[in-house]
Amino acid sequence: MKRNVLIIGAGGVAHVVAHKCAQNNAVLGDIHIASRTIAKCHAIIDSIHEKGSLQQPGTLQAHELDALDIEATKFLIRATRSQIVINVGSPFLNMSVLAACIDTGAAYMDTAIHEERDKVCETPPWYANYEWKRKQACQDAGVTAILGVGFDPGVVNAYARYAVDHHFDTVDSIDIIDINAGSHGRYFATNFDPEINFREFTSVAWSWENGAWKANKMFEHRKEWDMPVVGPSTAYLTGHDELHSLSAILKVPNIRFWMGFGDHYINVFTVLKNLGLLSEQPVTTARGQEIVPLEVVKAVLPDPASLAPTYTGKTCIGDLVKGTKDGQPHEVMIYNVCDHKESYEEVGSQAISYTAGVPPVAAAILIANGTWDVGQMVNVEELDPAPFIALMNRMGLVSRIRTASGDELLDPQSEVEAAVEDRQLVNFR
Ligand code: NDP
């Protein structure tokens with residue numbers, strides 16, 4: 001059954017979400033894009049027409065919306081008859097958009113954990129501070145809410161679940177490794193919203209060790225990883241969203257997140273931080289103006305979406321899972337490699353936005369055809385990962401698996417034959 005989609009936000013990730021919804025509008029129906037700055041919604045619609053992304057003629061509409069306003073968001077959901085809301089605005093919006101979905105019955109999705117502007121790095125598990133408090137409300141309303149369904153969090157959660165279910169008798173550790181081996185050619189830039197990007201790294205780096213939270217310092221633990229395609233890569237132990245659900249749901253004793261940083265990024269970041277320019281707390285200038293330093297830094301850095309035209313190289317993000325199988329030590333790595341230039345040629349975005357934007361659209365298709373329409377709040381690893389992985393393989397995000405016998409395509413297609421009812425309606429590009 002067709003389900004109209006309302007996309008909230010008009011940034012780098014929303015751009016990819018909109019293109020991918022357009023490529024699949026035979027199954028998804030009308031597409032509405034709502035954000036604070038309507039001009040950005042119009043620019044996305046223009047680029048969909050330029051690229052010829054629409055699978056078939058259909059509705060594509062821009063709307064101005066302050067998504068912190070729950071009543072205005074409810075009004076728009078009803079006016080557009082949207083049954084699925086893909087929230088890819090900033091993480092400050094999650095709880096208000098979720099409230100609007102619960103009240104209207106629309107399915108909800110996001111790609112990052114809710115944050116409050118004046119708080120950084122709250123008590124783990126982070127989902128328990130906000131989203132999970134609305135679990136019962138979703139259950140009572142029969143509303144499907146899929147949390148954190150970007151790439152990381154998102155696809156890496158599905159990889160973890162898939163590995164645990166299909167490759168091991170016992171699992172000891174999951175290391176999620178995120179390497180961007182690409183180059184944007186600017187002096188300094190972040191690949192997604194700078195404010196959100198920096199907030200991830202300015203405080204405690206939580207890891208899940210021996211079944212308990214461990215507080216680490218940022219850049220304290222560094223490791224070389226032999227990554228598929230992009231080769232040996234240095235990454236640092238970093239706190240990240242997915243640990244805050246995987247630790248509660250998969251019952252694996254050790255779960256860590258590693259992100260690749262170059263020395264230049266670390267130097268600039270360290271200077272900005274030590275000067276106090278990454279603080280989320282307001283300061284008052286000599287002229288009596290109150291400003292948030294982090295918001296000023298965001299304002300002077302390049303818009304992440306503007307990096308796309310010249311970005312070259314690849315990302316490699318995956319889960320290295322270790323445990324036992326048939327009484328023997330066993331390990332697998334499940335991963336995706338994404339090319340910045342190819343992403344730009346297809347939808348006009350860089351690979352970070354691309355890897356984050358395809359998964360919520362795959363999830364929307366799985367909600368539309370009933371496979372993932374679970375009528376409750378879930379994290380990605382609570383859902384069957386097979387149809388999700390198989391569908392993304394056909395939508396431009398290809399998963400591979402590395403075992404002792406080499407690398408191969410991970411395509412659980414046979415498991416999904418029965419699940420994907422309307423396959424001819426899905427644009428398998
Ligand atoms: P951007 O900053 O580029 O875009 C955010 C958008 O949200 C902007 O268009 C902004 O509007 C809009 N917005 C902000 N406040 C409001 C409001 N009150 N009402 C309506 N719209 C609003 O971010 P990205 O596209 O890079 O990232 C989007 C989300 O995806 C973030 O939550 C980010 O953390 C997440 N993400 C997840 C990844 C994953 O793999 N899981 C990877 C990358 C990002 P305006 O243009 O007016 O500022």
Side-chain angles (χ1 to χ4, degrees), residues 6-19 32-44 62-70 72-73 76 85-98 100 109-115 117 126 131 146-159 176 178 180 189-201 240-245 257 259 294-295 298-299 301-308 315 317-318 336 338 343 347 349-363 379-380 392 397:
L6 173 63
I7 300 163
I8 294 191
V13 180
H15 181 102
V16 178
V17 168
H19 272 265
H32 296 271
I33 310 172
S35 194
R36 196 163 49 185
T37 314
I38 195 167
K40 290 192 182 176
C41 307
H42 284 301
I44 292 176
H63 307 266
E64 185 174 317
L65 174 73
D66 175 1
L68 291 170
D69 181 339
I70 297 173
T73 308
L76 187 60
V85 175
I86 303 181
N87 171 25
V88 278
S90 85
F92 307 126
L93 310 180
N94 287 15
M95 296 314 290
S96 46
V97 177
L98 177 60
M109 265 180 268
D110 61 37
T111 61
I113 296 183
H114 181 81
E115 292 186 35
R117 269 195 188 281
W126 293 340
E131 283 87 348
I146 305 180
L147 305 178
V149 63
F151 202 97
D152 45 344
V155 177
V156 296
N157 302 52
Y159 287 169
I176 300 163
D178 178 332
N180 176 14
T190 59
N191 296 299
F192 63 94
D193 183 347
E195 197 180 350
I196 303 305
N197 185 262
F198 290 136
R199 287 166 62 100
E200 283 182 359
F201 312 135
H240 223 246
D241 299 15
E242 44 277 62
L243 307 183
H244 297 264
S245 61
F257 184 91
M259 185 164 272
L294 186 52
E295 291 178 8
K298 171 177 172 164
L301 285 178
D303 175 356
S306 73
L307 307 174
T315 61
I317 313 173
N336 162 267
C338 189
S343 305
V347 298
S349 300
Q350 31 94 341
I352 311 289
S353 303
Y354 192 88
T355 52
V358 175
V361 183
N379 289 84
V380 173
M392 285 187 298
L397 265 194

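Just follow the structure's listing: the first ligand is 1, and inside any ligand the first atom is 1. Just so we're clear, the structure is a prediction, and the values are computed from it rather than from any experiment.
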So, does N87 use its side chain to make a donor-acceptor pair with the main chain of M109 at under 3.5 Å? no
Can you name the residues that form a salt bridge (Lys or Arg N to Asp or Glu O under 4.0 Å) with E242, not counting sequence neighbours? none
Set of side chain to side chain donor-acceptor pair (under 3.5 Å) partners for N180, sequence neighbours left out: Y311, H340
Under 3.5 Å: donor-acceptor pair, side chain of N94, backbone of A112: yes
Using atom types as modelled and distance alone, determine if a side-chain donor or acceptor of H114 lies under 3.5 Å from a backbone N or O of P91. yes
What does the 4.0 Å heavy-atom contact list look like for ligand 1? G9, A10, G11, G12, V13, S35, R36, T37, K40, L65, D66, A67, L68, V88, G89, S90, P91, L93, T111, A112, G150, F151, D152, P153, F192, D193, I196, A356
Apply side-chain contact (heavy atoms from CB on, under 4.5 Å) to T73 and list each qualifying residue two or more places apart in sequence or on a separate chain. I8, L65, A67, I77, A100
